[in-house]
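Below you'll find the structure, written out as structure tokens, and then a few comments.
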Protein chains: 2
Amino acid sequence: MTQEPLSLNVFRRELGLSMQGLARQMYRDNAARFKVQKEGVAVRNLSNILDATLTLANRKGFSAMSLRDLSEKTGMSLGGLYAYIGSKDDLVELIQGLGIETTERVMQEQTAGIADPVERLRHAIRVHLFLSEILRAWFYFSYMEARHLGAQQKQRAVAAELHTETLYREIIEAGQRAGQYRETDPLMAAAMLKALLQDWYVKRNKFRDRNVDVEQYAESVIELMESYLKDE
Amino acid sequence: MTQEPLSLNVFRRELGLSMQGLARQMYRDNAARFKVQKEGVAVRNLSNILDATLTLANRKGFSAMSLRDLSEKTGMSLGGLYAYIGSKDDLVELIQGLGIETTERVMQEQTAGIADPVERLRHAIRVHLFLSEILRAWFYFSYMEARHLGAQQKQRAVAAELHTETLYREIIEAGQRAGQYRETDPLMAAAMLKALLQDWYVKRNKFRDRNVDVEQYAESVIELMESYLKDE
DNA sequence: GTCTATATAGGGATAGAC
DNA sequence: GTCTATCCCTATATAGAC
């Protein structure tokens with residue numbers, strides 16, 4: 001009996017992520033940072049700011065996006081924005097930090113319960129792609145702006161990248177120990193897999209133009225990786 | 001009798017690309033743009049400007065790089081720079097334009113002479129990776145700065161991306177017609193291959209830290225793609 | 001809690017001396 | 001052909017009114 005593969009909609013419903021929810025978590029995680037006390041007001045504005053920042057920065061780059069752009073897009077004044085951010089660079093940190101935490105948490109939760117390595121790898125691929133589809137703007141932002149971060153934050157981004165890759169490497173190694181995969185360099189396999197996962201959100205528009213949805217893409221990546229990993 | 005696979009050093013020697021050579025071609029292609037008449041002087045300075053721009057822009061992003069940064073790095077004055085560029089944005093166009101042309105020309109030259117699709121695909125993968133290794137700074141720059149371009153230039157970048165992908169797709173289709181590859185979606189296969197090729201220059205430092213060189217990477221990508229494309 | 005008005009610095013670009 | 005000096009604008013950030 002083969003399990004029905006995870007679908008995007010099921011995953012989305014289960015996960016229940018929203019910009020409002022992310023803004024709320026961001027507010028609570030960094031309460032000391034914000035001048036605004038009332039959570040309701042703060043979350044609403046923060047959500048607006050996040051949304052606008054991701055849109056503008058993903059269009060023309062974070063450093064090319066001015067706070068005047070952001071002020072116009074959010075409908076808030078320049079002064080008003082500074083009740084939520086200490087500086088422009090704060091914004092990058094906030095967005096990146098929450099994105100990394102959310103990704104690691106979701107990937108951990110989702111892959112922990114599956115014993116069979118082959119099934120676990122399939123599931124991990126689908127979950128990662130679906131999550132990047134739902135949080136497309138966050139993933140794209142983190143990918144593109146990582147190199148503009150300060151040394152400390154950059155280190156964090158590199159660590160997060162490695163963390164994800166390690167997750168895949170360990171699943172592949174488990175599959176090899178179980179005799180389900182042949183003996184090939186698991187780190188290289190994980191690196192190539194990661195490249196394929198990233199391409200989904202980096203080239204999102206290309207795939208849209210071709211009517212390739214994320215579920216089809218997931219199956220293609222799984223097929224490619226399995227033909228490589230399995231014995232001939 | 002199997003042919004010895006192309007090595008990076010052989011390719012590099014054959015190709016003979018240098019920053020000076022690229023600067024010279026850029027000068028001749030855009031003679032009207034430059035105020036400086038003496039080719040020797042112009043090429044030397046242009047080469048310096050290109051080198052510095054790629055270094056600075058790849059470190060912190062083109063839009064975050066100021067012309068004052070560039071002036072300091074090149075040792076030229078602000079006014080002096082303007083003998084070579086009409087505006088800061090000119091620089092992006094120049095670099096991108098020559099990069100695209102060089103890539104398309106080299107790929108065309110190198111893949112035209114090989115009749116067997118399987119061998120042609122292998123060769124195309126190696127050539128693309130080796131070229132991106134040699135022109136790493138150009139490839140990285142084009143990849144990262146493409147979205148900051150004006151509409152016209154952006155279109156050009158997208159067209160170039162498509163052009164490369166089409167090259168791979170056509171080789172795969174030829175292999176399918178010859179019965180060497182199984183029937184799988186050739187466009188999707190080409191897209192995934194392209195993602196793997198791009199990852200080499202985007203994550204160059206990661207691979208260096210792992211002592212993975214471009215020749216090893218090429219063989220891994222070839223092995224992965226062939227296990228997917230060939231009959232079981 | 002949010003606004004307007006403004007301080008201060010740094011950006012791209014140019015004029016004109018040499 | 002290259003430099004110095006400077007123009008003018010836009011950037012981030014803050015002060016203080018409401």
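Labels below follow one simple rule: chain letters A, B, ... track the order of the sequence lines, proteins then strands, and each chain is numbered from 1.
One can place CE of A/Met76 at 6 Å from P of C/dC3, the figure rounded to the nearest angstrom. Residue B/Tyr27 contributes atom OH, which lies 12 Å from atom C1' of D/dG1 at whole-angstrom precision. Distance, A/Leu70 CG to D/dT10 P: 18 Å, rounded to whole Å. Look at CG on B/Leu81: it is 12 Å from P on D/dT4, rounded to the nearest Å. Going from atom CG of A/Leu78 over to atom P of D/dT10 covers 14 Å, rounded to whole Å. Here the P atom of nucleotide C/dG1 and the NZ atom of A/Lys35 are 12 Å apart, to the nearest Å. In this entry the distance linking CD of A/Glu72 with C1' of D/dA11 reads 15 Å, nearest Å. With rounding to whole Å, B/Met65 atom CE is found 11 Å from C/dG12 atom C1'.
Comparing C/dG1, D/dT2, C/dG12 by their closest approach to the side chain of A/Lys38 singles out C/dG1. Counting only heavy atoms from C-beta on, B/Asn45 has its side chain closest to D/dT2 among D/dT12, D/dT2, C/dG1. Residue B/Val36 has its side chain nearest to D/dG1 when only D/dA11, D/dG1, C/dA13 are considered. Candidate nucleotides D/dA13, C/dG1, D/dG1 were compared by shortest atom distance to the side chain of A/Gln37, and C/dG1 ranks first.
Using a 4.0 Å cut-off between charged nitrogen and carboxylate oxygen, B/Arg210 and A/Glu165 count as a salt-bridge pair. The pair A/Lys60-A/Asp69 meets the salt-bridge criterion, with a side-chain N (NZ, NE, NH1 or NH2) lying under 4.0 Å from an Asp/Glu carboxylate O. The pair A/Glu109-A/Arg105 meets the salt-bridge criterion, since a charged nitrogen lies less than 4.0 angstrom from a carboxylate oxygen.
At a cut-off of 3.5 angstrom, counting only N and O atoms as typed in the model, there is no donor on one side facing an acceptor on the other between the side-chain of B/Arg68 and the base of C/dG10.
A side-chain donor from one of B/Lys203 and A/Gln198 sits under 3.5 Å from a side-chain acceptor of the other.
Taking side-chain N and O atoms only, A/Tyr82 has no distance below 4.0 Å to OP1 or OP2 of D/dT14. One finds no side-chain N or O of B/Ser77 lying less than 4.0 angstrom from the OP1 or OP2 phosphate oxygen of D/dT4.
At a non-hydrogen distance threshold of 4.0 Å, B/Tyr84 from residues 83-94 of chain B come into contact with DNA chain D.
Relative orientation of the A/Phe130 and A/Phe11 rings is tilted, given thresholds of 30° and 60° on the angle between their planes.
Note that A/Lys88 lies in the cation-pi zone of A/Phe62, set by a 6.0 Å cut-off to the ring centre and a 45° limit from the axis.
Remark: A/His148 engages A/Glu145 in a side-chain contact (heavy atoms from CB on, under 4.5 Å) (not counting sequence neighbours).
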